[in-house]
Amino acid sequence: VIMFSMTLRNEAGDISQILFVSLEADYILRSVHLPDLPSQSSVTVIDQSGHVLANLPRNDITPGSLVSSWPIAKRAMTAAEGFVMEGEGLDGIRRIFSAGDIYADSASVPGDLRNVKTMSFIVGVPARRDIAEVLSPVKIARTSLGLFFLAFLLGTYLFMSRMVLEPIRS
C-alpha cells in the first residue's frame with residue numbers, strides 16, 4: 001500500500017489539516033496500459049527516497065524495498081530531467097533504461113508553490129535491441145504513467161476539496 005498525504009493550510013499559512021489517501025501498489029501496474037515491450041523488459045516506479053512502489057517483472061524486489069544504491073535509481077533520484085542509460089537491472093539483466101519523473105506542483109498541491117519530485121518511473125528494455133526500436137514504446141510508457149499519476153493527484157485533490165473540505169467548511 002502506498003500512502004499519499006497533502007497538507008492543507010489556513011489563511012495564516014499554518015497547517016490546519018493533513019489528508020491521507022492510500023493506493024494498492026499493484027493497482028498502478030494493473031491500471032496503466034503499457035505498450036508491447038520486448039520480452040525481458042522491466043518497469044520500476046520508485047519514490048524520491050529510493051523505495052520501490054511497483055516493479056515488473058516480479059522478483060525479489062517488492063514494493064517498499066530500498067533500491068537507492070542501484071545506479072539507475074540513484075541517477076533517477078538526483079536527475080533534473082529524464083534520461084536514457086544502459087546498465088544492469090535489479091534482476092541482473094543488462095538493459096537500456098529510460099527514466100522520467102512525476103512532480104507535484106501548485107496545480108495539484110494547494111499552498112505549495114514549488115515543484116516537488118514525488119516519484120520516478122524507470123522502463124528498461126534488453127540492451128541487445130536497437131535503440132531506435134526501443135525509444136518509441138518507452139516514450140509512450142512514460143507518457144501513460146505520467147498522465148495516470150497526474151490524473152490520480154488531480155482526482156484526489158478534487159475529491160478531497162469537494163467531499164471533505166466543503167462539508168468541513170460548511
Side-chain angles (χ1 to χ4, degrees), residues 1-37 41-58 61-68 72-73 75-84 90 97-124 135-170:
V1 175
I2 302 167
M3 297 293 294
F4 294 95
S5 63
M6 178 173 70
T7 59
L8 299 175
R9 299 180 184 273
N10 59 23
E11 293 80 20
D14 299 325
I15 296 174
S16 61
Q17 296 179 23
I18 300 175
L19 301 176
F20 292 95
V21 176
S22 63
L23 175 67
E24 187 179 330
D26 282 347
Y27 180 75
I28 296 170
L29 298 174
R30 287 193 314 262
S31 299
V32 177
H33 171 70
L34 297 174
D36 294 329
L37 295 173
S41 294
S42 68
V43 177
T44 305
V45 181
I46 61 171
D47 67 11
Q48 68 273 17
S49 62
H51 289 90
V52 173
L53 303 178
N55 187 42
L56 279 177
R58 301 203 193 299
I61 307 299
T62 58
S65 299
L66 182 63
V67 295
S68 58
I72 312 296
R75 183 164 175 198
M77 290 166 29
T78 58
E81 58 186 37
F83 63 88
V84 175
L90 293 169
F97 292 94
S98 174
D101 301 315
I102 298 173
Y103 289 84
D105 60 21
S106 58
S108 57
V109 181
D112 194 350
L113 301 177
R114 60 190 166 86
N115 284 335
V116 179
K117 185 188 291 192
T118 57
M119 60 190 75
S120 300
F121 49 93
I122 303 165
V123 179
L135 287 182
S136 177
V138 169
K139 287 179 183 177
I140 293 169
R142 287 176 47 185
T143 302
S144 296
L145 286 168
L147 290 174
F148 169 77
F149 282 109
L150 181 62
F152 177 78
L153 289 172
L154 183 60
T156 301
Y157 171 70
L158 292 173
F159 173 79
M160 291 299 180
S161 65
R162 291 191 187 352
M163 303 304 281
V164 175
L165 294 180
E166 286 299 319
I168 291 174
R169 290 180 182 153
S170 299

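Side chains included, hydrogens not; waters and symmetry mates left out as well; all remaining heavy atoms used.
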Taking all atoms of both residues into account, what is the closest heavy-atom pair of V84 and R75, and its distance? O-NH1, 4.4 Å

What pairs with T62 under side-chain contact (heavy atoms from CB on, under 4.5 Å), at least two apart in sequence or on another chain? S65

Measure the spacing between CZ of F149 and CG of L154 and express it to the nearest 0.5 Å. 14.5 Å

The criterion is side-chain hydrogen bond (donor to acceptor under 3.5 Å, both in side chains); which residues satisfy it with S41, sequence neighbours excluded? none

Interatomic distance, M119 atom CE to Q48 atom CD [nearest 0.5 angstrom]: 8.0 Å

Mind checking side-chain contact (heavy atoms from CB on, under 4.5 Å) for L147 and listing every partner two or more places apart, or none if nothing turns up? T143

Non-hydrogen atoms of A76 and A99 that approach each other most closely: CB-CB, 4.3 Å

Supply the atom-to-atom distance I122 CD1 to L90 CG, rounded to the nearest 0.5 angstrom. 7.5 Å

From D101 CG over to F121 CZ, what is the distance, rounded to the nearest 0.5 angstrom? 7.5 Å

S42 OG to I61 CD1 distance, which is reported to the nearest 0.5 Å: 11.5 Å

So which atom in M77 and which in G50 form the shortest heavy-atom distance, rounded to 0.1 Å? SD-CA, 3.4 Å

